[in-house]
Amino acid sequence: MASRGTAQRPNGTQGKICQFKLVLLGESAVGKSSLVLRFVKGQFHEYQESTIGAAFLTQTVCLEETTVKFEIWDTAGQERYHSLAPMYYRGAQAAIVVYDITNQDTFTRATTWVKELQRQASPSIVIALAGNKADLGNKRVVEYEEAQAYAEENGLLFMETSAKTAMNVNDIFLAIAKKLPKNEQTGNAGTSGQGRRLVESEGQKPTSGNCCK
Amino acid sequence: MSPALLENEERCFGGMTFFAQSHPAELCGSNGLPLTPNSITILGKSQFLKTINHPNLCSYLDIIRSKHERTIVVAEYCGKPLASLENLSVDKVIRIAYQCLVGLKYMNKFGLVHSHLSPENILIDKNGTVKLFNFGLYYMTDHGKNVSFPIGYPKYTAPEIFLSSGMRSVKVDSWSLGMIIAECLLGCTLWPGYKLSQSLRKVLSLVHTENSIFERISRENNCFNIYEDLPEDVRAFVNDCLQIYPSQRKTPETLLELPIFQEFLKKDDQDRENSLYENVIQRKMDELYYLWQLAGGDMTIELKRQGLIRSRPPILTIPNLVILLGQMFGRRDIAGLLDLRVVKVSLELLSQRLSHIPYVANYPRLSNHTYAQEPNDLTDTASQLPLIIRERDTEYQFYRIVLFNRLLQIYPITKDAIKREAHKDIPPPVRGAIWAALLGVSGDIQTKYDMIDKETPTHTDRQIEVDIPRCHQYSELLSSGAGHERLQRLLKAWVRDNPHYVYWQGLDSLTAPFLFLNFNNEARAFACLSAFIPKYLHKFFLKDNSAIIQEYLSKFSQIITFHDPQLANHLKSITFVPELFAIPWFLTMFSHVFPIHKILHLWDKLLLGDSSFPLFVGLAILKQLRDFLLASGFNECILLFSDLPEIDIELCVKDSMSMYQKTPSSITYRKHQYDQSKAANWNEPEVGTEKIPRISVEDLIYLVENSPDKVLVVDLRNNIQYERGAIAGSINIPFTSVQLAQDRITSLGPQATPLSENKDRIVVVIGPNDQNSALFAEFLIGCQVFGVCSLQGGIYALRSKASNLLLPARKEKGFF
């Protein structure tokens with residue numbers, strides 16, 4: 001479990017807990033749900049069932065100064081569920097757009113998601129591009145350099161990940177956590193209408209998130 | 001007293017077992033998923049064999065997958081193997097050959113090649129009837145590819161099998177039969193005591209025979225004198241079988257055309273005609289096997305008892321060498337070989353259990369063809385027991401299966417009776433057929449299904465392809481190759497057959513239960529799906545279905561409010577809307593939410609209700625989570641649904657049924673529902689604007705006239721209008737007197753006491769003005785009053801349709 005990257009704070013106290021809404025987007029069967037499952041529960045299911053509508057999970061990441069709690073919306077990948085997507089990415093402070101390195105179409109689809117986010121989502125949104133299924137290197141179709149160049153052009157975080165081997169899964173969430181602004185105002189702005197707030201707490205444990213158990 | 005099963009039962013169950021070849025560890029398929037274990041591939045493929053029923057073939061009953069890639073095959077076993085019979089007359093041998101050929105011809109029709117014929121698996125019963133046992137081994141192992149042992153007895157194997165690795169034709173069976181029959185006719189064992197390699201060499205040496213192979217064999221085995229005494233046509237038959245070149249060898253079908261068999265054929269035709277009018281019910285083997293299992297039978301245990309399954313010290317299964325890539329060498333395990341032993345298990349256990357049931361129980365009485373009378377009151381009292389117990393009760397299941405089979409025989413005229421019986425429960429073995437009946441499936445569904453193009457590539461293919469390998473994959477059947485192929489065909493067929501609809505993710509889950517139940521009857525699975533979707537998911541699969549889903553979810557919110565205002569208020573206060581969790585529920589009718597075994601019980605009842613039933617299922621699920629939801633905030637609630645806890649499905653079904661029955665149907669009217677007959681003239685305000693449902697005048701009239709104790713009418717008009725004419729027993733609360741800002745019923749004054757005490761009466765708000773009615777109803781919800789709805793059309797509708805119900809109210813309410 002040492003590889004989870006969500007190390008527990010030794011004394012159990014911390015300065016700030018920031019909550020961020022993060023949304024996962026991408027073509028179906030690229031591994032969105034698997035990434036989340038790996039990140040949140042450290043599990044991997046070969047036959048992860050498809051997501052209909054959306055699923056919601058939370059996980060906490062501890063940085064040096066702050067504790068970041070992600071509220072993760074894992075969306076359905078099928079193009080038809082597109083109309084539901086804005087409901088989930090509205091007010092999101094971060095997004096991971098996922099593609100499958102063994103399938104060129106999923107990369108193309110990822111680029112359209114990025115465009116849509118840049119156009120429609122909150123302007124300060126942190127977008128990460130994840131080339132998933134990196135464990136299937138021998139079936140690679142999308143070159144690392146191609147995706148990296150695209151990510152740089154568009155100011156995205158980029159990593160190739162593998163939900164199966166856990167490669168870079170925590171890292172990509174950690175990188176997002178680091179890049180997200182932690183001051184009170186941005187942390188608070190645009191949170192979903194569910195009364196999300198930035199919690200200032202002394203010694204209060206985050207309500208959920210495995211890292212603090 | 002005569003028992004339910006015929007006494008002269010010679011049939012029994014035969015069990016055998018072998019290991020599928022295991023894949024090298026960690027090997028993945030092209031999609032990155034692990035390879036399907038061969039035992040699962042075998043399981044899926046062998047399902048088809050269960051559909052092969054013929055008097056000369058032993059029916060397959062079950063294929064069980066056990067630990068370490070072990071496959072257990074259960075089939076009918078009848079009589080004694082040919083190998084155990086001695087000194088057979090030539091006539092008897094020919095009669096046996098004839099029946100073997102008839103069996104082979106029948107299986108060849110389905111593209112099945114036996115390839116495993118031997119005197120051990122040609123069974124002959126007391127009456128001389130021949131049945132071929134284990135005829136599907138070659139087929140179920142995908143032509144032997146999924147097992148590490150060769151298929152076929154070396155001595156009886158056609159020479160071309162040793163010389164090429166291609167697919168075996170039906171002619172290999174002609175050869176094997178020829179060898180077997182030759183042995184019988186010559187009355188000796190060919191090449192006795194030969195080792196495997198020697199008999200193999202013997203078979204191959206025959207390739208160079210120039211004349212009759214039969215003659216050569218007889219000379220080699222010192223029985224040429226017997227050969228010489230055989231009738232000419234018998235020798236000709238064996239020679240036709242034993243042709244070296246497959247091109248010159250006859251198939252089982254053409255062998256049957258030989259003159260020697262013509263008399264048998266004629267007699268068979270006659271027998272068939274004569275038996276047409278004999279109607280002795282003999283329970284089918286698959287039913288008996290099912291009941292035998294209920295009675296405690298277990299083939300795995302039988303195989304263990306007889307030593308066919310033996311646990312071995314683990315050390316013996318460790319290979320000598322494993323290289324880093326995972327390949328293994330020197331396995332000291334002989335499990336890869338085929339164990340030829342067959343365990344016979346008699347029906348004794350079952351006969352004992354059913355011994356006190358009279359034979360006539362096989363004939364349930366049906367009067368008027370539509371009404372089923374219970375053979376005795378056993379099933380009635382038993383139907384009070386929990387479903388789980390009923391489903392495991394041998395006797396109860398016997399009665400139910402007999403009854404349903406009878407009803408199905410003359411479906412569709414028994415449609416109503418089937419429906420009535422299905423309300424009690426549905427026995428698992430007939431569930432597929434019963435569901436089809438409940439959905440009104442009839443006619444030539446096979447032709448219709450065959451006509452649909454399931455091959456041409458479409459844009460949806462990729463989506464279907466990625467969805468199938470993750471659809472209910474815990475199920476061995478659905479995760480097998482055969483399962484994937486069938487599901488794909490069904491989905492493609494549906495998309496093709498419904499051009500106005502599109503494939504939405506979730507359709508795969510929705511199709512899965514139908515495929516699961518009708519694994520060997522795709523046409524019926526398809527017909528069920530095609531009937532199910534319009535009935536329960538009308539327009540849900542439109543390309544733009546947002547209006548339909550929105551309406552459905554908004555109706556769901558109304559139903560929550562109607563039945564559980566406290567929960568509705570809480571969910572509203574944390575902005576926890578059904579859009580966040582209920583889309584997969586309703587779009588897939590819960591098939592994406594529950595495992596198959598739960599879906600089956602849920603849908604058993606769902607199919608008896610209309611398209612509003614699922615709303616109550618949703619409500620019943622919420623009810624089980626109620627305490628947690630009420631105590632939780634938004635995040636906890638949504639987390640709960642992302643990882644739904646175990647739901648007690650029997651309780652869920654019971655709750656949904658009771659709420660469904662308590663709710664007048666107009667409460668659930670939707671503009672987009674399939675059956676518009678009732679919803680006609682229904683002017684619902686725009687979706688989402690009213691939080692409480694409306695009730696139709698007809699439903700109100702029905703309630704007032706038939707069960708006045710179940711309804712509480714609140715009249716919002718002013719006193720004067722009210723006293724002129726109102727529904728007897730109604731309460732008058734003039735709207736102008738209501739302080740909407742309040743949240744306590746007591747603020748309405750003493751006449752509102754029945755409202756605050758209301759537990760299960762339906763509260764109908766009647767006003768002169770829809771808007772005010774809605775406002776007042778919402779006020780009641782705020783006060784957590786159960787069962788609130790407003791009258792569609794208000795007082796005017798009531799006046800025009802049932803003015804007789806409006807009585808001068810002065811006397812009724814003396815306290816004014």
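Here the structure is a predicted model, which means the values were calculated and not measured. Here is the naming used below: chain letters follow the sequence lines, and residue numbers restart at 1 for every chain.
- At a 4.5 Å heavy-atom cutoff, the contact between Thr51(A) and chain B is made by backbone atoms alone.
- With a 4.5 Å cut-off on non-hydrogen atoms, Gln505(B) touches chain A through its backbone and its side chain both.
- Contact of Ser28(A) with chain B is made through backbone and side chain together, with heavy-atom distances under 4.5 Å.
- Ring orientation note: the planes of Tyr81(A) and Trp504(B) are nearly perpendicular, at an angle over 60° on the 30°/60° scale.
- Scanning all heavy atoms of the two residues, the minimum distance from Ala55(A) to Ser642(B) falls at C-OG, 3.7 Å.
- Of the atoms belonging to Tyr503(B), heavy atoms from both backbone and side chain fall under 4.5 Å from chain A.
- Side-chain contact check for Lys543(B) versus Arg80(A): some heavy-atom pair is nearer than 4.5 Å.
- With a 4.5 Å cut-off on non-hydrogen atoms, Glu49(A) touches chain B through its backbone and its side chain both.
- One distance of note links CD of Glu79(A) with CD of Gln463(B); it measures 9.5 Å at 0.5 Å rounding.
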Can you check side-chain contact (heavy atoms from CB on, under 4.5 Å) on Gln78(A) and Val466(B), steps first, answer last?
-> CA-CA 10 Å; Gln78(A) 195 192 7; Val466(B) 298; over 6 Å; no
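- Atom OG of Ser479(B) and atom OH of Tyr47(A) lie 7.0 Å apart (nearest 0.5 Å).
- Side-chain contact between Met87(A) and Leu580(B) is present, with at least one heavy-atom pair separated by less than 4.5 Å.
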Could you go through the salt bridge (charged side-chain N to carboxylate O under 4.0 Å, His left out) check for Asp643(B) and Lys41(A) one step at a time?
-> CA-CA 12 Å; Asp643(B) 206 353; Lys41(A) 296 189 179 166; 2.4 Å; yes
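- Residues of residues 592-600 of chain B lying under 4.5 angstrom from chain A, judged on non-hydrogen atoms, are His592(B) in numerical order.
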Please step through side-chain contact (heavy atoms from CB on, under 4.5 Å) for the pair Thr58(A) and Glu636(B), ending with a clear verdict.
-> CA-CA 10 Å; Thr58(A) 61; Glu636(B) 292 76 42; over 6 Å; no
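- Between Ile638(B) and Trp73(A), the closest side-chain pair of non-hydrogen atoms falls below 4.5 Å.
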Stepwise, does the side-chain contact (heavy atoms from CB on, under 4.5 Å) test hold for Arg462(B) with Asn103(A)?
-> CA-CA 11 Å; Arg462(B) 189 213 168 238; Asn103(A) 185 321; 3.7 Å; yes
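- Proximity to chain A (any heavy atom under 4.5 Å) is shown, for Ser509(B), by neither the backbone nor the side chain.
- Applying the 6.0 Å contact sphere to NE2 of His459(B) captures no more than 12 heavy atoms from other residues, nucleotides or ligands.
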Tell me, with the steps shown, if Phe56(A) and Leu639(B) meet side-chain contact (heavy atoms from CB on, under 4.5 Å).
-> CA-CA 6 Å; Phe56(A) 180 84; Leu639(B) 277 174; 4.1 Å; yes
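- Atom-to-atom distance recorded for Ser83(A):OG and Ile549(B):CD1 is 8.5 Å, nearest 0.5 angstrom.
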